[in-house]
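One structure below.
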Amino acid sequence: MKDSVQREINSHLEQLGISKKINLLPIADHLDFEGDFCFIVNTIAPKNPKQEGERLSKEIAALNSISDASIAVNDTGKNPIVYLNLKLSDEIKKQHYTDLIKSTCDNLADPKFGEVEDNVGKIAIVEHTSANPISPIHVGNLRNSIQGDTFARMLEKTGYRVFRHYLVNDGGLQIGFTVIGYQMLKEKGVKPAIKFDRWLGQVYAIMNLFYNSQRIKTKFMDKELDRDVYRISSEDLEKITEILESQRSQIELEMKVIEKQIAQTKDKKSLKNLKRELAKKKRDITKVVEESKEVVKYYDTSSDLSNRFPDMYHLLHESVKNIDLLQMTADYLYRYEKGEEKEIIDLFREMANWTLESFKWTLRRYGIVFDSFDFETDVTWSNLAEELLVRLSDTEECLIEGKAVRFRYEPKLMKAFMRDLGLKKSDLKIRGNIPDLQLSRSDGTSLYVMKDLAYTIQKFERRKADVVYNVVGEEQALAQFQLLPLLYKLGYHDYAKNLHHYGYEKVNLVGRTMSGRLARYVTSDQFYEESYVRARMAKRASEEARGESSPQSDEEYLEEEKILRAVTLATTRFPLIESSPNKRIHLDLDRELDMKRNSGPFVLYAHARANGILKKIQLKGKADFSILWNNQEVIQMVRHMATYEETLRRAVSEMDPSKLTDWIFKLAQLFMKFYEKNPIMKENDKGAKQAKLHLVLATKNALAKTMETIGIPVTERI
RNA sequence: GGGCACAUGGUGUAGUGGAAGCAUGGUGGCCUUCGGAGCCAUAGACCGGGGUUCGAAUCCCUGUGUGCCCA
C-alpha cells in the first residue's frame, strides 16, 4: 500500500516540476493526529518548507487515493520541520486492511508459525555456559546459559541444525588444588551430603585459601612467621603488612627522586625515559597495595570458612599439613596434562564428571541441554595446538625470542585480513590497535590461546559447521577477536569469517555479594526454587481471591505443577534476556520474583486469556474481516504481528534475543488492550465475532510458538 | 599508555538521521469478570561541549562518569 501511494505522489510531484523523490513514513501510533503516512517537506524544499507544504497539501489532497492532506510544523529546533500528513481514502484502506488482517491471521495461526527458512541445511554450533566445574552455577553464570540457549533456539527457527557445546576447563590451576582436596576427602571416606557442585564449591574455597596462604607465606618465609604455612595468623598479618608498608615508602622515595630529575632535565629523550620509569614505579605501588589487600583478604577468608564449614576445614587442614600444596598442584596438573597415567586421569575426570552431572541437573530445569561436553585436556592431548604453533612460528608476523613466540597484528596483516574476508573497518569488533599476542612461553610450551585456536578448528571440523557462536563475557572481546587473524593466517578464511563472539555484560545481584572464594553465591538452583515458591504463593493467592479451591486430586496437582513450571521459567528466563546483552544487569531478586513487575508471567497470562476465550466460544462459520478494517486495536495488533520475521532475523544477526522478547511482550500488551475494548461474547455481528476469534487464535498460537522459541512453555490456564 | 562497553522520566529500559516509546513506582478512576497476574487517565527523561545536516538521543570529534580488558 505504502509503495503504490508513494509512487503515485512522486509521479505527481514530477509533473509539478519537482524532481526530488519523497519517502513516506508511517505515522506513529502514539500521535493523536488522524493519518496514515507523512513525508517531510524539508527534503524537497529545504528553504521554504512552510509555503511549499501548504501549496503541496492542496495539490496532493486532490489525488484519488488521498482523502486529506494537512501540514504540521515542528518548531522546536533551529529550523522548522514541516510534516505533510496524509490520510488515505477509505476504500483503499478498507481493501488493504481487510486483506492484511486475513493474511496475518492465517499466517500466525499456522502450526508452523515462527519458522523462517533462511538457513535450512546449514549447521551451527553454539558454545555456552562453560563454567569452571569447581563450584555451582550461580546467577552470574546463568545469564550465559540462558542467552546461549535462547540464541540456539532462535537459530533453529531460522533453519539451522544447532549443536550446543560446553567447553570443560578441566586443567586449570584452580582445578589442580581442588582435585587434591577431593582426593584427600575421598581417601578419608567423606561423602558429600549435599548436591555435589555445592559440596565441591566448599572444597574449592578451602583449598583455594590454603593454596594462596602458602603462596603468600612462602614469599615472606625468612620473616619468622607462624610455622603453619596454611594459616595466616593475626601476627603474620601484622608482620607482612609492615613489610609491604616499608616497601611502599621505599618506592615512594624513589619516585620523589625521579620527579626531581624530571624537573631538572631538559633533554627530551632522557625526559621520556624518566617518565616511563615513573610510570613503572606507580605500577609497582599499585602492585604492593594490591598485595597487602590480598593478605587481608585471605586472613578474613580463613576465619569465615573455618567458622562456616568447620568439619571440612579441619579435615582438609589436617591432610594438607603433610604435603607441599604448591608443589603437588603443579605436579598433578603436569601429570594430567601429559595424559599418561590412568590413575591421575581418572581422578580429574571423575571429579569433573560428577560436577557436570550436577550442572546438567541444574540446567535441565531451565530447559537447557547440551549435545557435547568438550574437555580442554582432550584438545591438549590431540597435539593440534603444538602443530598450529609450529605453523604460525614460520609466519612473518611472529617474533621469536628463544622459544617464546609472539604474534604481531601489523597493519599490513589486518588490511589483508579485511580485504580477503570482505570486511569493512566498521565490521571489526576492535578497530584500534591490537596488542601483540604471546603464543608460547620461554620454555616453548604453548599458551592457552593456542588451545582455544585448536578447539575452534576442531569444532568447525567435527560438526562440519557453517557457523560457530561463542557465548563468552564481553570482557573477553579482545581475546576472542585476536583468534580471527590467526585463523586467517593459517588459511582458515571461512572459519575466521564465521566464528562469532556472542558477548554479554555481567550480572550483579542487588544487595548480595557473590564470591567463589568464600563459597557465597546465589546458585541457579536457589534462584529457580525461590521463583517456584513465589509462583505458587501468587497462584494460591489468586485462587483464594476468586474463591477457587486449591488442587485436590493427583491430576489437579500435575496440572498445577505444569503451570508453576511455566511461570517459574518465565520469571527466571525473561529478565535475563529482555534487555540487550551489552547492558549490565543489576538483578534484584525481589523485583524479578514479583509477578507484577516481571514481563514473563504477563505474556503467559495473555496466552491463558486467549485460550479461555477459545474454550468458551466456538470457532465456527464464516468470518468477515472487512468489518474490522477501521478498528484501531485490531490494526495496531496486525501491524505489529506483521513484523515478526524481520524481528527474528534482526535478533539473530545482531545476536540480541531481547529484540524478540520485546516483540512478544508488545503482542501480549496489544492483545490485552484489544481484549478489554472488544468484548467478543457480546459481539452481535456473527461475521465480526468469527473474525475476532480468528485474531484471538492467531495471537494464541503466535504467543505459544515464540515463547517456545525463547525456552518458555505456555499453559492453557495460569 | 592502548582498547572495548555503557550513560534516556524516581527506578529499569526501547529507539534503524525524521513528531522521544514501554514497564515499574506516584496520583486519580474502572469489577452484574469471554479468568483483575488486567484496563483507562495523568505528571515525569535523551551526561556536558563542539561539528556534519533542512533535520541528531542516533553519525563524527571532545570532555566527564561507570564497568571491564591488554601492556
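Residue numbering restarts at 1 for every chain, and letters A, B, ... go by the order of the sequence lines. These numbers come from the heavy atoms of this one structure, side chains and all, not from hydrogens, waters or symmetry mates.
- Listed nucleotides B:rC68, B:rA37, B:rC34 differ in distance to A:Ile617; the shortest reach to its side chain belongs to B:rC34.
- For the C1' atoms, the distance from B:rG9 to B:rC69 is 33 Å, rounded to whole Å.
- Within residues 645-662 of chain A, the residues that have a heavy atom under 4.0 Å from RNA chain B are, in order of number, A:Arg650, A:Lys659.
- Listed by first and then second residue, the salt bridge (charged side-chain N to carboxylate O under 4.0 Å, His left out) pairs that reach into residues 561-586 of chain A are A:Asp149-A:Arg573, sequence neighbours excluded.
- Separating the CD atom of A:Gln482 from the P atom of B:rC69 is a distance of 14 Å, rounded to the nearest angstrom.
- In RNA chain B, stems built from 3 or more consecutive Watson-Crick or G-U wobble pairs, each with both distances under 3.5 Å, span B:1-7 with B:64-70, B:10-13 with B:21-24, B:26-30 with B:38-42, B:47-51 with B:59-63.
- By the side-chain contact (heavy atoms from CB on, under 4.5 Å) test, A:Lys666 is found to be paired with A:His640, A:Asp662, A:Gln669, residues two or more places apart in sequence or in another chain being considered.
- Aromatic rings from A:Phe407 and A:Tyr409 are positioned such that their centres are separated by under 6.0 Å.
- Legend: residues meeting ring pair (Phe, Tyr, Trp, His ring centres under 6.0 Å) with A:Tyr83, ordered by chain and number and at least two apart, are absent.
- Residues forming a side-chain contact (heavy atoms from CB on, under 4.5 Å) with A:Ile18 (at least two apart in sequence, or on another chain): A:Leu13, A:Ile44, A:Glu52, A:Arg55, A:Leu56.
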**Item:** Test log, rule side-chain hydrogen bond (donor to acceptor under 3.5 Å, both in side chains), inputs A:Asp624 and A:Gln690
**Value:** CA-CA 7 Å; A:Asp624 183 2; A:Gln690 286 302 314; over 6 Å; no
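- Under 3.5 Å, the side chain of A:Asn85 and the base of B:rA19 form at least one donor-acceptor pair of N or O atoms.
- Each of A:Arg431 and A:Tyr83 was matched to the nucleotide of RNA chain B holding its nearest heavy atom; the match closer to the 5' end belongs to A:Arg431.
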